[in-house]
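Comments concern the structure below.
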Amino acid sequence: MQLALSAEDQKFREEMRTFFTTEVSEDIRRTVIEGRELTKEQIVESQQTLNGAGLAVPHWPTEWGGRDWSDLQRHIWNEEMQRAGVPTPLAFNASMIGPVLAQFASQEMKERFLPRTANLDIWWSQGFSEPDAGSDLASLRTTAVRDGDDWVVNGQKTWTTLGQYGDWIFTLVRTDPDVKKQAGISMLLIDMTTPGLTVRPIELIDGGHEVNEVWFDDVRVPGENLVGELNSGWTIAKFLLGNERVGVAPVGTTKRVLARAKSLAGDRAAEPLTAARIADLENDLLALELTALRVVANSTDGEPHPASSVLKLRGTELQQAVSELMVDLAGPASIASGADGSSALEEWTHHTTPTYLNLRKASIYGGSNEIQRQIIARTILGL
Amino acid sequence: MDFTYDDEQDALRDAVRGLLTKAYGDFEQRRQTSKQDPGFSEKTWTQMAEMGLLGLPFAEDDGGVGAGPVEIAIVCHELGRVVAPEPYLHAVVLAGGLVAACGSAEQRGELLGSLAAGERLLAFAHDEPGSRWAPEATAVSATEDGGSWALTGTKEPVVQGARAETLVVSARLPDGGTGLFVVDGEACERTGYPTYDGGRAAKVVLDATAATPLGEPGRDLTASIATILDLGRIMAGNQALGAMEVALAQTTAYLKSRKQFGVPLSTFQALTFRAADMYVSLELATSVVQWATMVIETGDPVALHDAAARAGLQVSRAGRHVGQEAIQLHGGIGMTAEYAVGTYTSVLTMLEHLLGDGTHHLAALAGRVGEHEDLDPLAMT
Ligand SMILES: Cc1cc2nc3c(=O)[nH]c(=O)nc-3n(C[C@H](O)[C@H](O)[C@H](O)COP(=O)(O)OP(=O)(O)OC[C@H]3O[C@@H](n4cnc5c(N)ncnc54)[C@H](O)[C@@H]3O)c2cc1C
C-alpha cells in the first residue's frame, strides 16, 4: 500500500491541471462552473481544444489517438478536467461509440469514423432506448430488414439525449425476430439526415430540451453501416454499457459544486445543521473518490471492475444530494427560476431548482440505480 | 381528539374536488394553463369566488364566510391534489390573512370583500433578496411625511406580484420593527417571470412609492406576520399532503401497468417496498399536518409556532422522499413535462421553499429541545 502519488504521477497531475486551466476557454469553464447551459458550439470547441492536444480520447487504442496511460493517469486526467470546469468530451463519442468502433468495426469503418469522432466533427447520438424497452433494453422492437445492399429501418427510439444536435446515431435494431430476444439484435450507424428519420423534442420538468424521440419510417441505411457481426448487437451493447458506467461517477464535478456551495453559503456554511450536512457530503465524497482510486488501481486490462456499479450508484446519489443542498442554500430565492438579468437575487440562485430537478435523471439513465443494485446483488454478491 | 371531517366538511371537500376536477382533472389542462400568463385560470379563480372559497377564512362582516382552519385546509388539500396553480395560499391565506388580522374595519371590508368576490388579487410582498423566511423586513423601508407614507426598496420573489391589483408589503418602520402597507400594484415597478412549478413571481421595486399603513400607522406587526407565516406553513403542508397523495397513487398505478422484462414492475419487491415507504412518509406527515391544523384553532401563537415548525419539517422530509421516489419509480417518463408526476415534485419543492425548508425548521426546533421533557401533542391546547 502506498498513499502518495509517484513523482511521475504528481508531475502528470500538474501538467493536466495547467493545461485545463490555461488552454480551455475561460468563458466555457465559467459557464460550467456557474452551472449555466453550454451551447453546442462551446461543447465542440472545448473537445477540439482537448483533441488538438491529444487529451480528448486518451483511453482509446493508441493508433486512434489513445495515450496508453495507466488507469490512474486516466483517472487523474478525468478528475482534473472536472475540477477545472472543462466539459468532459461528449460521452456518446468518447466513451460509447468510439471504443466500440475501435474494438468491433472493420478497418475501413474505423478510418471513416474514428478521427472525426474524436474531434467531434461528427456529433453522435445514442439510439438504444424505446418506449417499451428501457431497463429491459433487449425487448427493443425497431426493425432493420435487408433490402438489396441496404437495411430498411422502422420504429421509434426515445430519450435520445441532444439528438437535436446529432449528425449520426448509433442504434440497436432487431435483425432477427425469430430467436431469443438478445440474439436477434444488431448495431447500425445511421446518418441522421437520411430521409424518413425524424427527431422530435421532449420537454423535461426543468423546462429544458435535452432529450428527443427519433422516428424511423422506411429509413434506408447502407449495408456497410452494420457494426461488427450480424446479430452481435447485444454483445456490443454490453461492452458499451460497461464503459458507460466507468467514469460515470462525476466525483470531480460534485466536489467542485460542493466547494462552490460552501463559498456561496458564506457565513451560513458555519450554521450547525448546514455545516453538518456539508461535512457529511464531503465525507461521502471522500469515500467515493477513494473507492474510485481503489477500483482504478485494481482494474485489469480496462475490464470494468465489478465495483464500478458502486461508483454509479453512490456517485449519482451524491451528485443529486449536492444539487439539493444548493437549492436549500438559495432558500426562497430558489423560487425565482425564471428571473432574468434584471433580478435583484443572485444569479446562481435561479439555476438551483432546475438543476436539482434535472439531475433526478442521473439515477435513471445509464442503467438505473435499481439495475446497479441488481448487478451488485447478482454479479458481486451472487444472490 | 378526532381526525375525521364532519358532514359539512365532507360536503365542502366534495364540492371543491368537483370544481377542481373539472378544471384540472386532466393534467394537460393544468399544463396549458401554466404556460400562459398569469399562470392560473381566471375562470377557475372566479368559480372559486362564487363557491365562497376565496372568502372562507374571513368574517361575514368583512364579506367572508367565517370558516375555520379545517375548512381552509380542506381547500388547500384539494388544490394540492390537482396541483392547481391558483394562488390561494398567497392571496387568501397569507395576504388576506394579514388584512384580516391587522387591517382597519374599513380596509377589511374593502380589500377582503373584493378579494372574496374574485375582483381583486392580493399578493404578499415580503421576501427580499437575502432574506430567509424571517418575519421581519429589512431591505424595504417605510418613511412618513405629514401622515403620508412611502416605501423604498426591493421585494423579490413575490408570488403573483405582477398580476395582483394590490400588494400587502412588509417594511422596516422608522422607529424599528416591521409594519405592513397596502400598495397599489400599478404604483410599483414590477418584473414578472415564470417559476419552475409553472407559477409566476415578480421583482417589485418601490421607489418612494405611496403606501397606506395596514391598520394603525407605525405599529410593529412582526408578531402578526410570524403568525400568518406559521399558518401559511400549515396550509402549505395541507396542500403538500394532497400532492403527495396523488403522486403516490400515480406511482402505484404506474408500477402495476408498466411492463419490463415481460412482467409488471409491481412484481419487483424492491420497488413495491419503496412505494410502501412512500406511504409511510405520507401517513406520518398527514398526522402531523392535521394535528397542526387543529392547533391553529386553539388561537395560541406559541403553540402554533411550534406546530408549524414540526409540520414544516415533516412535510419537507416527506415531500422530498415522495417526490424523488415518484420520479425514480417512473423512470424516464417521470422526467417529462407532459407527464404529471414531475410537476407534483416541482410543486412539493416550491411549497417547501416558499415558507421554510426542513433545515430551517429543524434548526429552530433543535434550538428549543432543552425547553421540554417530552412532547405531548394532546397538551397543546
Ligand atoms: C434524461 C434522460 C436521458 C437519456 N438519454 C438516453 C440516450 O441518449 N439514449 C438512450 O438510448 N437512452 C437514454 N435514456 C434512457 C434511459 O437509459 C432509460 O430511461 C432507462 O434505461 C430506464 O428505462 P425506463 O425509463 O423505460 O424506465 P423503466 O425501465 O420502465 O423503469 C421504471 C422504474 O423501475 C425500475 N426497474 C425496472 N426494472 C427493474 C427491475 N428488474 N428491478 C428493479 N427495478 C426495476 C427502474 O429502475 C425505474 O426506477 C435517457 C433517459 C433520461 C431520463
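Per chain, numbering begins at 1; letters A, B, ... match sequence-line order. Just so it is clear, the structure is predicted and the values come from calculations on it, not from any experiment.
Atom-to-atom distance recorded for B:Glu338:CD and A:Leu204:CG is 11.0 Å, nearest 0.5 angstrom. Here B:Tyr196 contributes atom OH and A:Thr352 contributes atom OG1; the two are 8.0 Å apart, rounded to the nearest 0.5 Å. Separation of atoms CG (B:Leu265) and CG (A:Asp136) is listed at 10.0 Å; rounding is to 0.5 Å. Taking CG of A:Leu273 as the reference point, atom CG of B:Leu365 lies at 10.0 Å (rounded to 0.5 Å). Between the OG1 atom of B:Thr359 and the CZ atom of A:Arg277 there is a distance of 4.5 Å, given to the nearest 0.5 Å. With rounding to the nearest 0.5 Å, the separation of CG in A:Asp328 from NE2 in B:His360 is 12.0 Å.
Ranked by heavy-atom pairs under 4.5 Å with chain B, the list A:Val327, A:Thr274, A:Asn369 is led by A:Val327. Between chain B and the residues A:Ala138, A:Ser363, A:Gly207, A:Ser368, the largest count of heavy-atom pairs under 4.5 Å involves A:Ser363. Of the listed residues A:Pro272, A:Ser139, A:Ser135, the one with more heavy-atom pairs under 4.5 angstrom with chain B than any other is A:Ser135. In terms of heavy-atom pairs under 4.5 angstrom with chain A, the leader among B:Met350, B:Lys259, B:Lys155, B:Arg320 is B:Arg320. For the set B:Ala201, B:Gly331, B:Gly198, the count of heavy-atom pairs under 4.5 angstrom toward chain A peaks at B:Gly331.
Proximity of a side-chain donor or acceptor of A:Glu203 to a complementary backbone N or O of B:Ala337 within less than 3.5 Å is not detected. Of the possible polar contacts, one joining the B:Arg132 side chain to the A:Leu329 backbone as a donor-acceptor pair under 3.5 Å is found. In this structure, the side chain of B:Gln260 engages the main chain of A:Gly134 through a donor-acceptor pair within 3.5 Å. Listed for the B:Gln328 side chain is no donor-acceptor partner under 3.5 Å among the backbone atoms of A:Lys361.
A:Ile205 is not listed as a side-chain neighbour of B:Thr345, based on a closest heavy-atom distance of 4.5 Å or more. In this structure the side chain of A:Val211 never reaches within 4.5 angstrom of the side chain of B:Thr336, judged on heavy atoms. Using a 4.5 Å heavy-atom threshold, the side chains of A:Asp132 and B:Arg258 count as touching.
Within the 4.5 angstrom heavy-atom criterion, atoms from both the backbone and the side chain of A:Ile335 approach chain B. In this structure, the portions of B:Thr195 lying under 4.5 Å from any heavy atom of chain A include both its backbone and its side chain. Contact of A:Ala330 with chain B is made through the backbone alone, with heavy-atom distances under 4.5 Å. B:Leu355 does not touch chain A: none of its heavy atoms, backbone or side chain, sits under 4.5 Å away. Using a 4.5 Å cut-off between heavy atoms, B:Ala363 contacts chain A through both its backbone and its side chain.
Across all non-hydrogen atoms, the minimal contact from B:Asp127 to A:Pro332 is OD2-CB, 3.7 Å. The shortest heavy-atom contact between A:Ser342 and B:Thr191 is OG-CG2, 3.8 Å. Between B:Glu156 and A:Ala336, the closest heavy-atom pair is OE2-CB, 4.3 Å. Between A:Lys181 and B:Phe261, the shortest heavy-atom distance links the atoms NZ-CA, 4.5 Å. A:Asn358 and B:Met335 make their closest contact through O-CE, 3.3 Å (heavy atoms, listed as atom of the first residue, atom of the second, distance). In plain terms, the two heavy atoms of A:Leu357 and B:Ser346 that are nearest each other are CD1-OG, 3.5 Å.
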*asked:* For a side-chain hydrogen bond (donor to acceptor under 3.5 Å, both in side chains) check, start with the C-alpha distance between A:Gln320 and B:Gln324, then their side-chain angles and the critical distance, and finish with the verdict.
replied: CA-CA 10 Å; A:Gln320 292 173 334; B:Gln324 293 174 0; over 6 Å; no

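Within a 6.0 Å radius of CD in B:Gln269, no more than 12 heavy atoms belonging to other residues, nucleotides or ligands are found. No more than 12 heavy atoms of other residues, nucleotides or ligands sit less than 6.0 Å from atom CZ of A:Arg141. Annotation for A:Glu347: atom CD counts as buried by contact number, over 12 foreign heavy atoms lying within 6.0 Å.
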